[in-house]
Amino acid sequence: MFLGHIDHGKTSLLDYIRKTHVTEKESGGITQHIGAYQIEHQKKKITFIDTPGHEAFSQMRSRGAKIADIAILIIDASEGVKEQTKEAISHIKLARIPLIVALNKIDKPEADSAKAKRELAKEEILVESIGGKIPSIEVSAKTGKGVEELLELILLIAEMEDFKTDRTMPAEGVVIESYLDNLRGPTATLLLTQGTLRVGDIIGTDSVFGKIKNLENFQNSPLQITSPGDPVVVVGLEDCPRVGENFKIFSDIEAAQNHLILIEKKAPEVLEISQEQKIINLILKTDCLGSAEAIEGVIKKIPQEKIILRILKSEVGSVNETDVKMAKSGRALILGFRVVINPVAKIIAEREKVKILQFQVIYDLVEEVRKYSQRFLESKAERIDLGKVKALMIFLTEKNRQIVGGKVIEGEVKKGVSIEVFRGEELMGKGRLINLQKNKKDAEKASKGEECGILYEGDIKVEEGDILLIYTEERKREEI
């Protein structure tokens with residue numbers, strides 16, 4: 001399994017291995033979703049799991065670490081250990097599986113593998129070249145340097161660890177990814193850990209079951225039977241299984257149904273809401289369950305002391321009429337991630353003024369949800385004291401207005417601000433500074449030590465010797 005920081009070359013290295021060691025025609029590249037494929041080296045099969053580098057996929061990477069036999073930590077030798085590198089290390093430690101450190105991009109002039117090794121040592125990852133036990137290798141996805149040695153090292157560790165599985169045992173494994181195919185229906189990528197799978201087998205997880213109609217390898221070539229360790233694409237489940245679920249084989253449909261019935265259903269979470277809190281309802285439509293899980297996880301991390309983000313529905317597939325109708329009745333915002341909007345749904349949404357937002361990147365989605373939530377927070381007046389003026393002379397008094405001559409004794413004075421009138425220690429009243437002059441000319445401001453003329457308007461008459469406290473109030477919306 002490949003782990004590491006974003007842009008450190010995990011997928012590039014996998015692409016190089018795939019192109020040089022897979023003879024059949026490849027159907028598409030590795031995507032942002034967790035993927036798996038298989039190569040043959042020295043007449044032995046190696047299955048690779050590519051875990052996305054984006055931090056939003058922390059849970060997916062964690063699950064990946066638990067189903068792999070060997071972890072390969074990819075580090076850009078020119079950048080060294082980054083935050084997601086540290087996170088990947090924690091997953092590997094928790095999984096307690098053998099580790100290989102691959103120092104990638106060694107072809108770059110600024111590559112410094114010694115520095116990267118020192119940084120790894122600070123994370124308690126000691127490689128062999130500095131006295132530790134963890135093997136490391138310098139590689140380049142660009143030139144292919146070290147790739148053959150890396151593959152040989154993987155096979156060597158597999159031999160030393162004596163990794164074996166039993167083909168005669170009932171089939172079991174893990175769901176790597178699942179999504180709703182517009183033509184074929186629920187589709188799942190499975191990693192078989194023991195036994196064999198055949199077309200026609202009944203399989204199930206803790207959430208779904210079904211009969212295998214199509215069985216394909218990672219290149220979408222049809223299969224009739226699989227072997228342990230194979231990544232396979234399965235069509236025939238009743239619905240999309242959850243990523244990370246274990247699956248097993250059942251004797252018949254009835255046995256699979258009974259398994260679901262026996263699973264304890266968790267009581268729905270009771271949402272306690274205070275009067276100060278507001279609720280924003282969301283409907284999430286994604287391209288696959290892996291994306292949905294990652295997005296839900298990141299949304300939950302948004303502080304919700306003031307605004308509660310409630311996901312009414314999270315589903316794989318395009319935005320349809322049902323989604324729009326639910327959004328209308330539930331006053332919800334529809335979030336589409338890498339999905340299209342059904343033409344009819346689009347028309348209804350425009351007519352009913354239902355907002356649908358579409359995204360390609362998870363953090364764009366989360367940032368927009370954060371900004372959208374911000375609008376529902378109440379704004380509060382924040383007072384800012386600017387300065388003080390001592391009233392020296394009253395030039396004109398008429399109705400509720402006066403022209404006051406004074407001197408700025410603290411801070412500064414600006415036009416259009418508020419005034420509190422103090423006589424001694426007592427607050428006499430409040431007013432506004434309508435206009436400001438210096439040397440009988442209009443001015444924008446007057447600073448400490450300067451004399452000025454103030455056109456004052458207020459509910460109390462200013463007297464000589466009064467202190468005018470100058471302040472302003474700005475309305476600021478709370479931040480999430």
When you measure from the side chain of Thr187 to the backbone N and O of Gly185, does any donor-acceptor pair fall under 3.5 Å? yes
For Arg338 and Ser291, does a side-chain donor sit closer than 3.5 Å to a side-chain acceptor? no
Can you find a heavy atom in the side chain of Thr189 that is under 4.5 Å from one in the side chain of Val232? no
Ignoring hydrogens and angles, tell me if any N or O in the side chain of Asn281 forms a donor-acceptor pair with the backbone of Gly330 under 3.5 Å. yes
Would you call Lys45 and Glu40 a salt bridge, taking side-chain N to carboxylate O under 4.0 Å as the test? no
For atom NZ of Lys346, is the number of surrounding heavy atoms from other residues, nucleotides or ligands below 6.0 Å larger than 12? no
Does the Asn258 side chain pair with the main chain of Glu254, one donor and one acceptor, at a distance under 3.5 Å? yes
Could you tell me whether the side chain of Asp230 and the main chain of Ser227 form a donor-acceptor pair under 3.5 Å? yes
With a 3.5 Å cut-off and no angle check, do the side chains of Asn217 and Gln38 form a donor-acceptor pair? no
CD (Glu159) with more than 12 external heavy atoms under 6.0 Å: no
Determine whether the side chains of Glu296 and Ser314 contain a donor N or O and an acceptor N or O closer than 3.5 Å. yes
Give a yes-or-no answer on whether the side chains of Glu245 and Thr205 include a donor-acceptor pair shorter than 3.5 Å. yes
Over all atoms of both residues, closest heavy-atom pair of Ile75 and Ala116: CG2-CB, 4.4 Å
Do Ser113 side-chain atoms and Ala77 backbone N/O form a donor-acceptor pair below 3.5 Å? no
Would one find more than 12 heavy atoms of other residues, nucleotides or ligands at under 6.0 Å from atom NZ of Lys108? yes
Could you tell me whether Lys93 and Glu124 make a salt bridge, using a distance below 4.0 angstrom between a side-chain N and a carboxylate O? yes
Salt-bridge criterion met for Glu315 and Lys285 (N-O under 4.0 Å): yes
Would you say the ring centroid of Phe209 lies under 6.0 angstrom from that of His259? no
A side-chain contact here means heavy atoms from C-beta on lying under 4.5 Å apart; do Phe359 and Ile295 qualify? no
Does atom CZ (Arg184) have a neighbourhood of more than 12 heavy atoms from anything else shown, all under 6.0 Å? yes
Check this for me: does any side-chain nitrogen of one of Arg383 and Asp385 sit under 4.0 Å from a carboxylate oxygen of the other? yes
Checking the side chain of Ser12 only, and the main-chain atoms of Ala141 only, is there a donor and an acceptor separated by less than 3.5 Å? no
Any salt bridge between Lys115 and Glu119, counting N to O under 4.0 Å? yes
Check whether any side-chain N or O of Gln194 sits under 3.5 Å from a backbone N or O of Pro228 as a donor-acceptor pair, and report yes or no. no
So Val369 and Ile302, do their side chains get closer than 4.5 Å, heavy atoms only? yes
Test your reading of the model: is there a side-chain donor-acceptor pair from Glu474 to the backbone of Ile384, 3.5 Å cut-off? no
Answer yes or no: is there a donor N or O on one side and an acceptor on the other, between the side chain of Gln304 and the main chain of Leu309, under 3.5 Å? yes
Side-chain donor or acceptor of Asn342 paired with backbone N/O of Val344 under 3.5 Å: yes
Strictly below 4.0 Å, N to O, side chains only: are Lys145 and Asp107 in salt-bridge contact? no
